[in-house]
Engineer: 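Let me begin by handing over the structure; questions about it come next.
Letters A, B, ... mirror the listed sequences (proteins, then strands); counts begin at 1.
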Protein chains: 2
Amino acid sequence: MAPHDDLPIVSPRKSRAVDVAREAGVSTATVSRSFNEPDKVLPKVRERVMEAARKVGWLPHAAGSALARQRTLLVGTIIPTLRSGIFANFVAGLQERLGEEGITLLVSVSGNDPSKALAEARVMLSRGAEALSLVGQAYPEELFDLLSARSVPHVITHEFCGDGKHPSVGLDNREAFVTVTQHLLALGHRKFGLIMPDPKNNNRVAERIGGVLETLSDHGIAINAEHQITGEWSPQMGYDAAVGILNRMPPTAIICGNDQIAIGVLAAARARGFHVPGDLSVTGFDDDPVSEHIFPSLTSARTDNTLMGSLAAECLLDQLAGRQAKSQKLTLLFAERQSTSRPAKTDLNLDPQ
Amino acid sequence: MAPHDDLPIVSPRKSRAVDVAREAGVSTATVSRSFNEPDKVLPKVRERVMEAARKVGWLPHAAGSALARQRTLLVGTIIPTLRSGIFANFVAGLQERLGEEGITLLVSVSGNDPSKALAEARVMLSRGAEALSLVGQAYPEELFDLLSARSVPHVITHEFCGDGKHPSVGLDNREAFVTVTQHLLALGHRKFGLIMPDPKNNNRVAERIGGVLETLSDHGIAINAEHQITGEWSPQMGYDAAVGILNRMPPTAIICGNDQIAIGVLAAARARGFHVPGDLSVTGFDDDPVSEHIFPSLTSARTDNTLMGSLAAECLLDQLAGRQAKSQKLTLLFAERQSTSRPAKTDLNLDPQ
DNA sequence: TTGTAGGCGTTATCAG
DNA sequence: CTGATAACGCCTACAA
């Protein structure tokens with residue numbers, strides 16, 4: 001007999017329920033019950049099982065469990081990006097609430113590409129996701145076909161859909177930017193610039209832009225084409241866009257799609273010698289935690305994204321439990337700060353240079 | 001015979017490989033091969049299988065597959081929070097790289113609580129995660145026992161561990177803050193404030209603080225206890241801390257644990273009539289995208305967190321493939337901006353009020 | 001209260 | 001190249 005040939009040399013086969021059962025002198029049924037329905041097992045026996053499980057280092061294997069139970073306790077979310085506080089907070093809220101119910105969240109990123117989103121949805125369903133949370137509803141019809149064919153509960157977020165076609169949790173994007181626009185109109189502004197993220201494949205941004213333009217149009221105001229810029233957003237993009245806008249016939253107010261863009265705009269204004277808010281009012285969106293502390297502090301508006309996440313979780317949990325899904329329209333929190341004021345020269349738009 | 005009783009009323013049983021097989025007139029083995037080893041199936045047959053799969057709306061079920069294949073294609077990451085660009089970018093980089101290999105990432109959040117982290121690790125192993133990515137190494141020994149007992153590949157991130165106890169991908173946190181401190185020393189500062197996140201359960205922050213204090217100590221400088229503040233960070237926390245620090249015997253430079261804190265400090269300086277950098281130099285960390293565009297722009301330093309994510313993924317993939325894990329020390333990108341300069345009055349610290 | 005045994009959906013092996 | 005069949009690990013009737 002070779003020395004040590006009764007010792008496992010490498011990677012001893014992972015233990016299974018049957019190993020625990022043997023160790024504890026019970027059946028696998030009792031092992032399973034000890035973990036899943038503790039009350040149905042004699043305390044003394046349960047103790048023995050737990051001890052045995054610890055000893056052999058056993059953890060129940062979710063794949064086997066999922067198969068037998070026909071339940072994965074998995075929920076998926078598809079978001080455009082994680083690189084934005086909006087979605088990071090949303091996912092955090094979603095995960096926190098689902099975690100309380102023992103559900104694991106699958107996160108995937110689509111980059112606003114509808115076909116990527118469809119592919120990710122397939123992966124999630126294949127992994128057994130029992131429900132899906134989707135940002136907006138701009139997806140191939142096939143995605144929703146997939147969901148309804150399997151009757152997979154889902155919720156649309158970051159957008160409140162009044163039509164009730166899908167359960168949704170979010171704000172009214174149009175209304176939000178109507179509010180921002182009206183704030184500036186009320187201050188007396190009549191000449192506007194608009195810098196927004198790319199509305200392509202992003203209905204939420206399209207709605208926001210629509211809200212601004214329509215509100216202005218109601219007041220007989222149109223935005224000069226050169227004063228209306230969209231693109232991949234960043235502070236730098238905001239800076240560049242603003243430099244262009246301020247170059248000739250500058251407006252007295254620039255509405256920005258988010259705070260990052262707006263901070264770039266503030267920098268551009270400074271560089272070009274425009275005083276904010278004296279010469280130029282600027283609004284952001286999303287109310288980044290820093291926006292209150294920069295100079296000038298930034299007028300912005302936001303919705304509670306963590307709350308949106310937990311409400312979306314609640315909505316999915318309701319559906320999974322066979323309850324009615326509740327759609328929720330989130331309120332807008334508007335913060336007026338230093339970056340907006342009455343325009344210095346109400347009707348004239350003189351180049352301050 | 002009741003009407004329609006041949007029509008499925010609700011939730012027709014989800015289709016399985018056998019349904020596809022029947023529809024295509026082949027065996028389940030061929031269905032499986034068509035999806036997993038297409039080359040081993042006659043193109044014509046494969047076509048038929050794919051068409052049948054589409055027709056019955058079949059997606060392979062990962063749980064069954066995992067059981068049979070003994071492979072879940074799941075990897076887990078445990079991070080302190082998603083509410084920080086650092087970790088959001090890291091996770092994005094990790095996910096992007098793993099996704100290329102068909103691996104799904106499980107994300108969970110521990111809030112810097114070691115026991116929560118241990119619990120999350122258990123969940124992930126139970127779900128069949130084949131490898132784990134962990135932030136730092138401040139975890140109960142039990143966690144690492146768990147991993148080594150099952151020989152689960154893992155990587156430590158956001159910290160470079162020279163000891164080689166675990167594969168790691170990250171920056172040298174001590175060195176990073178030595179760099180920042182030396183920048184200020186070189187400018188002529190001799191009196192410092194320090195505002196950092198809570199170092200409790202966070203060895204990375206502890207290292208950073210150590211780097212600052214040690215470097216100063218090497219120059220015979222100590223930080224007044226009242227000028228040294230830690231806590232749950234936010235711009236507001238930075239503001240409050242700075243107000244306290246500037247109140248009496250203010251330093252000429254304040255080193256901040258991150259840009260969010262630093263932006264609060266800039267606001268406090270402004271409120272108290274301190275000119276930055278004339279009266280006070282301020283440094284941040286992480287180099288938030290807005291830090292370059294605010295006023296005054298913020299001297300900061302960072303590492304590429306997306307890169308760290310993809311390198312961590314690479315490290316895990318190497319181990320999963322039986323290759324040697326490569327630890328990587330990331331470089332620090334230092335950006336000197338407007339918020340730091342020589343102190344106005346080199347040796348005197350006069351209250352500017 | 002506990003044990004027995006069949007089945008969850010897929011894949012790997014081996015024979016044809 | 002394709003098919004039959006035995007796992008994979010667990011749970012849950014049902015029986016004892």
Engineer: Provide, to the nearest angstrom, the distance between the CD atom belonging to B/E37 and the P atom belonging to C/dT11.
Structural biologist: 9 Å
Engineer: So do B/L330 and B/D304 actually touch side chain to side chain, heavy atoms under 4.5 Å?
Structural biologist: no
Engineer: Could you pull out all residues at least two apart from B/Q137 that satisfy side-chain contact (heavy atoms from CB on, under 4.5 Å)?
Structural biologist: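 So B/Q137 forms a side-chain contact (heavy atoms from CB on, under 4.5 Å) with B/F144, B/I156, B/E159, B/C161, B/H166.
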Engineer: Distance-only check: which donor-acceptor pairs under 3.5 Å involve side-chain atoms of residues 91-98 of chain A, not counting sequence neighbours?
Structural biologist:
residue: A/Q95; atom: NE2; partner: B/V107; partner atom: O; Å: 2.7
residue: A/E96; atom: OE2; partner: B/R83; partner atom: NH1; Å: 3.3
residue: A/R97; atom: NE; partner: A/E314; partner atom: OE1; Å: 2.7
residue: A/R97; atom: NH1; partner: A/E100; partner atom: OE1; Å: 2.9
residue: A/R97; atom: NH1; partner: A/E101; partner atom: OE2; Å: 3.0
residue: A/R97; atom: NH2; partner: A/E101; partner atom: OE2; Å: 3.3
residue: A/R97; atom: NH2; partner: A/E314; partner atom: OE2; Å: 3.2

Engineer: List in chain and number order the residues that pass side chain to side chain donor-acceptor pair (under 3.5 Å) with B/E47, two or more places apart in sequence or in another chain; answer none if no residue qualifies.
Structural biologist: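 Once residues adjacent in sequence are excluded, B/E47 has no partner under the side chain to side chain donor-acceptor pair (under 3.5 Å) criterion.
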Engineer: Can you list the residues that meet the side-chain contact (heavy atoms from CB on, under 4.5 Å) rule with A/S65, with sequence neighbours excluded?
Structural biologist: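 Listed in chain order: A/R69.
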Engineer: Only counting residues at least two apart or in another chain, list the ones meeting side-chain contact (heavy atoms from CB on, under 4.5 Å) with B/Q319.
Structural biologist: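 Partners of B/Q319 under the side-chain contact (heavy atoms from CB on, under 4.5 Å) test: B/P153, B/P167, B/C315, B/L316, B/A325.
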Engineer: Rounded to whole Å, please give me the gap between CZ in A/R127 and C1' in C/dT10.
Structural biologist: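 Computing the A/R127:CZ to C/dT10:C1' distance gives 14 Å.
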Engineer: Tell me every residue that passes ring-ring contact (aromatic ring centres under 6.0 Å, His included) with A/H158, counting only those two or more places apart in sequence or in another chain.
Structural biologist: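 ring-ring contact (aromatic ring centres under 6.0 Å, His included) list for A/H158, sorted by chain: A/F87, A/F90.
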Engineer: Write out the stems for DNA chain C, ordered by first number and formatted as range with range, counting runs of at least 3 consecutive Watson-Crick or G-U wobble pairs under 3.5 Å.
Structural biologist: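 DNA chain C stems, ordered by first number: C:1-16 with D:1-16.
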Engineer: Please output the side-chain donor-acceptor pairs of residues 50-59 of chain A that fall under 3.5 Å, not counting sequence neighbours, one pair per line with the distance.
Structural biologist:
residue: A/E51; atom: OE1; partner: A/R54; partner atom: NH1; Å: 2.7
residue: A/K55; atom: NZ; partner: A/E23; partner atom: OE2; Å: 2.8

Engineer: Within the 4.0 Å limit for protein heavy atoms, which parts of nucleotides 1-11 of chain D are touched? Write it as a string from 5' to 3', B for base, S for sugar-phosphate only, - for none.
Structural biologist: SBBB---BBBS
